[in-house]
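Notes follow once the structure below has been shown.
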Amino acid sequence: MVNELLKVDHHKVARARELAKQIALDIQREIEQVTTVAIERTVARLFGIDGTDGAGVPLPNVIVDQVDQAGQLHRGLAFWLANAVVALGKTPQEVAEACAQGLSICALEAQDPIRIEQVMQDCTRRAFQTIARQRQRREELKAELGTGSEPLKYVIVASGNIFEDVKQAQAAARHGADIIAVIRTTAQSLLDYVPYGTTTEGFGGTYATQANFRLMREALDEVSVELGRYIQLVNYCSGLCMPEIAAMGALERLDMMLNDAMYGILFRDINMDRTFADQHFSRMINAYAGIIINTGEDNYLTTADAYEKAHTVLASNFINEQLALQAGLRRWQLGLGHAFELDPKMTNGFLYEVAMAQTIRQIFPDAPLKYMPPTKHMTGDIFLGHVQNAMFNLASVLTGQSIHLLGMLTEAIHTPHLSDRILSLENARYIMENARDLGREIAFRPDGIIQKRSEEIVRETVEFLEQVAAMGLKGAISAGLFADIKRSPAGGKGRDGVVKKGLDYVNPIMDALQRELASAPAGKGGSFDGTGN
Amino acid sequence: MVNELLKVDHHKVARARELAKQIALDIQREIEQVTTVAIERTVARLFGIDGTDGAGVPLPNVIVDQVDQAGQLHRGLAFWLANAVVALGKTPQEVAEACAQGLSICALEAQDPIRIEQVMQDCTRRAFQTIARQRQRREELKAELGTGSEPLKYVIVASGNIFEDVKQAQAAARHGADIIAVIRTTAQSLLDYVPYGTTTEGFGGTYATQANFRLMREALDEVSVELGRYIQLVNYCSGLCMPEIAAMGALERLDMMLNDAMYGILFRDINMDRTFADQHFSRMINAYAGIIINTGEDNYLTTADAYEKAHTVLASNFINEQLALQAGLRRWQLGLGHAFELDPKMTNGFLYEVAMAQTIRQIFPDAPLKYMPPTKHMTGDIFLGHVQNAMFNLASVLTGQSIHLLGMLTEAIHTPHLSDRILSLENARYIMENARDLGREIAFRPDGIIQKRSEEIVRETVEFLEQVAAMGLKGAISAGLFADIKRSPAGGKGRDGVVKKGLDYVNPIMDALQRELASAPAGKGGSFDGTGN
Amino acid sequence: MAQVIRPYGDSWGDGQVQLSFTLPLPAGPRAREAAKRLAAQMGLDNVQIVHSKDLQGFTFFILYGSCRHGVDVSALSHVDEEERSMSFEEINAFIEEQIGRRIVVVGACTGTDAHTVGLDAIMNMKGYQGEYGLERYPMFETYNLGSQVPNEALLQKAVEVHADAVLVSQVVTQKDIHIKNLTELVELAEAEGLRHRLIMVVGGPRIDRALAAELGFDAGFGPGTTARDVAAFLAREVARRLERGE
Amino acid sequence: MAQVIRPYGDSWGDGQVQLSFTLPLPAGPRAREAAKRLAAQMGLDNVQIVHSKDLQGFTFFILYGSCRHGVDVSALSHVDEEERSMSFEEINAFIEEQIGRRIVVVGACTGTDAHTVGLDAIMNMKGYQGEYGLERYPMFETYNLGSQVPNEALLQKAVEVHADAVLVSQVVTQKDIHIKNLTELVELAEAEGLRHRLIMVVGGPRIDRALAAELGFDAGFGPGTTARDVAAFLAREVARRLERGE
Ligand code: B12
Ligand code: B12
Ligand SMILES: Cc1ncc(COP(=O)(O)O)c(C=O)c1O
Ligand SMILES: Cc1ncc(COP(=O)(O)O)c(C=O)c1O
């Protein structure tokens with residue numbers, strides 16, 4: 001239950017939602033026109049293709065690139081693959097391996113449409129069974145073990161070596177972490193493939209691979225049982241392989257995914273059409289897999305001023321919400337992001353932080369909000385930094401945030417050391433226990449600084465969304481309205497991988513997702529209904 | 001202006017004050033019966049006696065001990081000294097030096113009472129002139145330079161070496177400290193004399209000597225001018241030499257003194273009659289010198305449980321207030337002490353801390369409350385300790401405390417290093433700026449945890465004071481009602497130094513103080529009126 | 001076989017340590033260079049000064065670096081792990097059976113030290129962290145002399161009550177006052193011919209077994225000690241001495 | 001004459017330093033002993049373990065100790081203090097007078113590094129901490145290539161626009177990726193015969209002059225740098241090279 005510490009103007013909020021919906025629908029129309037190499041590779045993966053060729057190229061890439069180069073991707077990989085399965089009597093994996101050996105699948109004769117359909121349905125069903133099993137297993141474990149109390153303590157591991165990461169993740173869980181995120185190496189988001197196997201090299205993070213996912217999930221299952229608390233696992237569903245990673249996460253029972261509609265465009269200069277299409281398919285998968293997404297609005301404040309541009313965060317939360325609902329995600333799956341990033345030198349900065357956090361809390365009462373710690377204004381002064389994190393912890397418990405990324409005292413120095421994480425967990429535990437019920441104890445003065453700041457943010461958000469709606473989302477991004485970063489619709493990486501769907505395009509995975517998401521009931525931690533709740 | 005965040009029952013508060021007054025008056029009657037060697041040495045000092053004999057014994061001790069050993073102290077040192085001055089035509093200092101050489105002043109012939117009176121008046125006037133000049137100088141400097149904004153940041157220096165202390169004090173002031181306290185060596189409070197000259201040896205602190213006072217005040221005057229902010233100086237007016245130190249502080253322009261009515265009894269096992277008499281005279285001097293006293297109730301919570309015994313702190317604040325008013329101190333001089341000492345593991349501990357601090361703030365709206373940091377529950381975990389201090393800083397700015405002792409991250413380890421102090425100052429500056437107006441922004445729920453805790457503390461305080469009033473203060477201390485420590489009226493150090501006044505007792509300093517304090521107007525930072533305001 | 005370990009930051013053998021100190025030099029490139037050289041002398045490679053703060057005439061530094069030094073774990077095998085702990089009941093039963101009389105202890109905060117909380121935590125009824133103090137143990141006879149007790153007075157009392165052990169608390173450690181004070185106590189006990197008759201125990205936040213042994217004490221107890229730890233040690237030690245016929 | 005200084009805690013020469021690290025050993029007396037030995041090897045006397053925390057299989061320690069090592073200040077005299085800073089106007093005037101044309105610079109975050117904020121702070125209009133970026137200087141011509149730029153592309157652009165200087169930003173430093181990347185850039189410039197023609201400057205939170213020099217750069221700038229610092233350096237350096245007739 002959210003405490004209504006502030007008065008928030010419901011008319012303005014309704015107006016903002018309406019505008020965001022309109023913005024999202026505009027984009028949605030474009031999304032439906034195209035597919036991407038990443039979407040098709042995802043189909044390949046869910047049809048069971050994995051592994052690499054002799055040169056280390058992942059087989060999903062081998063097969064999709066072949067179809068793409070043949071100019072046949074507009075029909076959808078599923079068609080060609082199923083056709084080959086029927087034609088050759090091989091499994092999808094065997095077909096892919098054959099491709100690696102020189103087989104051209106688009107050159108195979110067209111087979112009986114009914115048998116092709118049959119293969120596609122079988123493969124889809126198998127994939128859905130695995131995902132549903134993982135989802136059910138998660139629901140059971142959560143029900144059996146519980147997940148800790150909110151704000152949930154979320155820490156990252158990022159040694160670059162999955163085997164070190166595993167040790168560090170277990171240690172963190174034993175010291176109170178509820179959620180472990182494995183940060184991805186700096187190099188990965190612009191790779192147009194997902195590396196294969198376990199990895200021990202990486203800078204600023206560890207490669208996201210299916211084997212690494214599995215290893216970490218196993219380690220966390222082990223420690224979850226030991227601790228009697230289900231430890232949730234997060235990775236990054238963004239970059240040039242968004243939907244593939246969603247599929248891998250669904251298969252390996254990740255619990256949350258960083259998964260934003262615009263992050264890749266703004267922060268990795270990925271092409272707009274590519275990202276919009278990829279995010280939509282990836283979110284459908286996350287929706288069905290019961291995964292909670294984390295959006296990345298916090299990042300805006302690392303490049304733009306956190307006070308001046310607070311409203312862009314809230315506006316983007318509205319847009320992310322609508323795009324997510326359109327992809328079939330439910331409100332309980334929307335870890336909308338925001339952050340504690342004001343300059344610590346600002347007089348009454350804490351009051352403004354609380355205003356922002358509480359406003360977002362009240363506007364999205366059902367969302368498991370993701371609250372990010374100070375990063376930009378952290379310095380090498382680890383002692384003061386630890387105190388900045390304390391104030392962040394306080395703001396979080398005071399305003400009832402859900403997913404709480406722990407700030408690290410060494411934020412400005414290195415990806416966290418083992419001990420940094422433990423110090424941060426102790427900091428959070430102390431503050432959150434010591435001020436546990438503070439949010440239920442106080443009221444804000446109706447004409448006070450906090451209330452006024454909240455009103456200002458909401459007002460600016462509506463104005464901003466009016467502007468975005470008028471320009472269209474792509475226009476707004478081109479004009480540098482988000483994060484002070486400009487991106488043009490024609491630019492950006494991965495544009496080549498966007499393909500206009502043919503009239504004969506088929507994607508049985510997407511179709512099945514659409515059916516399932518429309519029909520299934522919702523309900524916390526689990527199932528769906530049509531309302532987005 | 002104090003924010004009335006809580007509802008405090010005015011009837012209960014009035015009742016508590018009434019009880020405390022009654023308790024104080026009971027003690028006051030006893031105080032007036034006796035003098036002590038320390039009081040008499042103070043008269044000697046204010047008459048101009050300083051320095052040591054060949055064996056290093058301070059001359060005030062030499063002369064007072066002689067009179068005491070002659071069984072003549074009940075007449076007051078002033079009489080014997082003035083008599084000797086008249087008889088020998090020497091200055092008091094020369095008389096004392098002669099005593100050190102073997103002169104027995106009680107053996108001198110009795111002189112003309114009018115000339116004796118004359119000498120006493122002259123000496124008293126000279127002492128008062130010096131003190132008044134220092135007081136006026138302080139008022140001018142404060143008016144000219146200002147003193148920083150509340151909560152005033154108070155740090156300690158305690159290297160044991162006054163020359164190192166001076167460097168560290170200046171560095172601290174340059175980094176934002178408003179008040180510097182020179183902590184006294186562990187050995188000093190039980191010494192029945194005040195050491196002489198500058199000192200470079202000490203453990204857990206530096207000797208309080210007049211020369212050290214002067215050196216530090218000069219260094220701070222220098223830095224005050226440099227910074228355009230008057231840096232206040234504190235030392236300890238407690239132990240077996242309370243009134244002597246008050247006199248030294250008055251002469252050397254200290255600005256504050258730790259000066260509690262019961263601390264010496266409870267924490268140094270000093271005899272009750274001795275301490276009660278000494279504290280009264282020392283407070284009269286502090287009152288006239290315009291010095292703000294700091295009481296020591298915070299110490300109770302280092303031996304007793306901070307939650308269970310919170311009310312003993314408030315009760316003692318009431319008693320200290322009444323005893324102080326009786327000694328002529330004004331409300332603006334009463335730095336009543338309390339502390340942030342709850343176990344950091346306590347759920348909602350911060351709420352209880354705020355309840356306590358705010359309750360005291362509202363009950364003593366005119367007092368420059370002294371708020372002490374966490375000490376007992378600080379450990380060698382300097383990182384967590386720094387965060388505990390952050391929460392303390394927050395409680396202080398939230399509840400509008402006046403004199404704010406900075407907690408040190410190394411509290412459990414050593415007396416502060418140079419850098420510890422700077423880190424603490426940065427911590428406080430950040431929190432106090434970042435949450436500057438938080439106290440004006442919020443209200444506490446009328447049926448909430450904080451309000452209820454406040455009511456509980458006030459109720460328990462009244463009950464406790466009823467009990468103390470019934471037993472008498474000495475009875476209550478004997479029964480271990482304060483700080484879980486029992487002291488018997490017949491026990492304790494320094495009891496030998498208590499002497500029943502004769503009918504012929506004279507103390508021209510005390511008489512003059514009484515006159516001045518009764519007649520002078522009050523007014524912040526300066527002068528007096530009769531109301532204690 | 002040598003098995004050398006190094007500090008661990010986020011991967012095996014990375015040697016990462018965090019360091020902070022103040023140098024008596026004005027802030028600037030020279031102070032930075034001095035800080036780096038100092039760290040290098042301490043055996044740090046790849047020194048990163050992550051923060052420096054001008055303290056006027058002094059500069060405060062925070063550094064990270066990779067420590068070249070390692071410790072051979074196989075050479076630590078002589079370090080005893082703690083003795084198995086015993087419960088309140090076990091200890092009393094042990095004393096009754098093995099010693100057959102109450103153990104007499106005298107405790108004090110010696111010298112000018114007035115920090116009684118730690119000693120009280122060990123000796124008084126109430127105890128500490130939910131563990132009763134020695135006074136509560138039927139098989140202990142305790143005398144707590146309180147604060148600022150001269151070494152002479154402590155030994156005198158020990159003789160007077162035929163103590164098995166003296167328990168000394170030392171909390172103030174500035175300029176190594178505790179070392180001075182504790183050394184004096186041992187020397188005094190030796191001079192008076194009491195040393196071998198008494199089990200001498202010291203405790204305080206800066207005390208550990210190694211330091212206690214170095215100063216000539218039989219045991220040392222640091223932060224977090226409970227009466228049970230001390231009681232178990234005393235029970236075993238008195239029994240050991242009985243066995244050895246001392 | 002040697003003038004040795006040591007860290008300062010609260011008195012001259014006390015050598016006090018604070019240290020923290022994690023050892024890959026389970027908590028207990030052995031881990032404590034290992035921590036003490038390590039600190040001793042680092043040259044600390046009087047080591048006090050003030051905190052230790054069991055991290056299951058690892059132990060985190062906080063220690064204080066007195067550092068035996070000292071630094072001879074007289075041996076630091078070769079370390080240059082910073083050059084006198086110049087104002088925005090002074091710099092532009094200097095370039096106009098001494099060089100007589102605009103200085104051309106190309107900047108990039110190279111390799112896989114996408115942290116543009118630091119480079120933008122130096123190069124873009126807006127600048128940083130109230131100081132305009134190079135783009136705002138009339139006497140600079142700037143090209144900011146943004147993030148994740150391959151070293152080849154940076155040098156190619158430098159050749160294309162006849163750059164006087166390249167400005168490289170490196171923020172991610174895990175496993176010394178920046179060292180690898182920066183070394184590669186210098187080698188590439190040398191291989192292409194560009195090294196002597198270009199002023200090579202690197203910046204980032206873990207960069208300083210010493211490191212930059214070591215890697216073969218002409219200058220290095222760390223945290224808190226403003227465009228003015230860089231502009232002044234470049235102006236003087238181009239002038240110096242003109243003077244030397246390069
Ligand atoms: C409470 C306290 C006080 C109280 C003491 C009340 C009392 N009756 O004890 C008061 C307010 C009176 C006080 C005064 C002073 N204090 Co003080 N005080 C503390 C404080 C906050 C807590 C100490 C404590 O009670 N800890 C809790 C107990 C349970 O822990 P412990 O003592 O470590 O005991 C445990 C173990 O060590 C062990 N143990 C301890 N003794 C023994 C003995 C035996 C035989 C055994 C087996 C085990 C054992 O078992 C205990 C239980 O686990 C510390 C700071 C801190 N947080 O540690 C400063 C601290 C100890 N004080 C300090 C100082 C300097 C002083 C003063 C000198 C300051 C001054 N000049 O005014 C005075 C003078 C005191 C004097 N003459 O000695 C310094 C000492 C610095 C140093 N290392 O040299 C400290 C560290 C604060 C600081 N950073 O400056 N203090
Ligand atoms: C903002 C930020 C981001 C933003 C970057 C946005 C952007 N467009 O730049 C986002 C959110 C995208 C991001 C992403 C990541 N980040 Co990042 N990020 C930060 C953060 C919070 C602040 C950096 C910053 O902007 N500082 C402010 C600027 C002004 O300071 P500066 O860079 O030091 O620049 C100054 C000087 O160094 C110098 N300077 C810098 N460059 C140059 C160049 C020249 C020529 C000159 C003269 C001077 C100069 O002048 C500048 C002004 O004074 C830091 C943590 C921190 N507080 O430092 C982490 C941090 C740098 N990030 C880190 C990591 C690991 C990542 C990721 C790899 C994590 C992940 N896997 O998702 C990703 C991937 C990024 C990639 N591919 O490189 C680590 C790096 C660890 C390490 N030492 O190796 C840090 C330290 C956080 C941490 N503790 O883990 N990050
Ligand atoms: C939504 C989202 N995706 C991705 C990332 C970063 O990952 P990468 O750089 O690997 O794309 C972030 C970073 O915070 C994020 O918020
Ligand atoms: C009022 C008061 N006097 C004195 C002291 C301590 O000084 P000493 O031990 O030198 O008496 C304190 C300690 O906090 C105090 O609060």
Side-chain angles (χ1 to χ4, degrees), chain A residues 3 5 340 342-355 377 381-395 397-398 409 419-420 422-453, chain B residues 3 5 340 342-355 377 381-395 397-398 409 419-420 422-453:
Chain A
N3 291 314
L5 300 180
F340 185 100
L342 290 174
D343 187 336
K345 295 205 192 68
M346 191 171 200
T347 299
N348 286 325
F350 184 70
L351 280 62
Y352 301 126
E353 293 288 9
V354 167
H377 293 289
D381 185 348
I382 55 175
F383 295 101
L384 189 63
H386 207 45
V387 171
Q388 291 168 235
N389 288 332
M391 292 302 272
F392 162 67
N393 291 336
L394 183 67
V397 71
L398 178 64
L409 73 174
S419 60
D420 297 339
I422 308 298
L423 294 177
S424 294
L425 283 162
E426 282 173 348
N427 183 335
R429 185 183 315 120
Y430 163 57
I431 301 283
M432 291 183 183
E433 266 314 293
N434 210 236
R436 173 61 55 202
D437 294 306
L438 192 58
R440 277 175 283 280
E441 268 298 305
I442 60 174
F444 297 133
R445 237 182 51 197
D447 59 342
I449 297 174
I450 297 176
Q451 177 65 38
K452 287 214 183 103
R453 174 65 180 157
Chain B
N3 291 312
L5 300 179
F340 184 99
L342 290 175
D343 187 336
K345 296 207 190 66
M346 191 171 199
T347 300
N348 285 325
F350 183 70
L351 280 63
Y352 302 126
E353 293 288 8
V354 167
H377 294 288
D381 185 349
I382 56 176
F383 295 102
L384 188 62
H386 207 46
V387 171
Q388 290 168 234
N389 289 333
M391 292 300 273
F392 163 66
N393 291 336
L394 183 66
V397 71
L398 178 63
L409 73 173
S419 59
D420 297 338
I422 309 300
L423 294 177
S424 295
L425 283 162
E426 283 173 349
N427 183 334
R429 185 183 315 118
Y430 163 57
I431 300 283
M432 290 183 184
E433 266 314 294
N434 209 236
R436 173 62 55 203
D437 293 306
L438 191 58
R440 276 175 284 278
E441 268 298 305
I442 59 173
F444 297 132
R445 237 182 50 200
D447 59 342
I449 297 174
I450 298 176
Q451 177 65 36
K452 286 214 185 102
R453 174 65 180 158

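Chain naming here is simple, since letters A, B, ... match the order of the sequence lines and numbering starts at 1 in each.
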Problem set entry | Residue Ile442(B) versus chain A: region with a heavy atom under 4.5 Å | both
Problem set entry | Region of Arg429(B) in contact with chain A, defined by heavy-atom distances below 4.5 Å | neither
Exercise. Does any non-hydrogen side-chain atom of Val387(A) lie less than 4.5 Å from one of Glu426(B)?
Worked result: no
Exercise. Do the ring planes of Phe383(A) and His386(B) sit parallel (below 30°), tilted (30 to 60°) or perpendicular (above 60°)?
Worked result: perpendicular
Exercise. Between Leu394(A) and Leu394(B), is a side chain to side chain contact (heavy atoms under 4.5 Å, CB included) present by the stated rule, with each step listed?
Worked result: CA-CA 11 Å; Leu394(A) 183 67; Leu394(B) 183 66; 3.2 Å; yes
Seminar exercise, completed: Taken in chain and number order and not counting sequence neighbours, the residues that satisfy salt bridge (charged side-chain N to carboxylate O under 4.0 Å, His left out) with Asp381(A) are none
Seminar exercise, completed: Scanning both residues in full, the closest heavy-atom pair of Asn434(B) with Met346(A) reads ND2-O, 3.3 Å
Seminar exercise, completed: Turns out that what part of Glu353(A) lies under 4.5 Å from chain B's heavy atoms comes down to neither
Exercise. Between Ala435(A) and Leu351(B), what is the shortest heavy-atom contact and its length?
Worked result: CA-CD1, 4.0 Å
Problem set entry | Interface moiety of Leu5(B) toward chain A, non-hydrogen atoms closer than 4.5 Å | neither
For this session: Return yes if some donor-acceptor pair links the side-chain N/O of Glu441(B) with the main-chain N/O of Ile450(A) below 3.5 Å, else return no.
Result: yes
Exercise. Contact part of Leu342(A) toward chain B, heavy-atom cut-off under 4.5 Å: side chain, backbone, both or neither?
Worked result: neither
Problem set entry | Side chain, backbone, both or neither of Ile382(B) within contact of chain A (heavy atoms, under 4.5 Å) | side chain
For this session: Would you confirm whether Asn348(B), through its side chain, and Asp437(A), through its main-chain N or O, come within 3.5 Å as a donor-acceptor pair?
Result: yes
Seminar exercise, completed: Sorted by chain and number, sequence neighbours left out, salt bridge (charged side-chain N to carboxylate O under 4.0 Å, His left out) with Arg436(A) holds for Glu433(A)
Exercise. Is a donor on one side and an acceptor on the other found under 3.5 Å between the side chain of Asn427(B) and the backbone of Leu384(A)?
Worked result: no
Problem set entry | Interatomic distance, Thr347(B) atom OG1 to Met432(A) atom CE [nearest 0.5 angstrom] | 13.5 Å
Exercise. What closest approach, in Å, do Arg440(B) and Arg445(A) show between heavy atoms, and which atom pair accounts for it?
Worked result: O-NH1, 2.9 Å
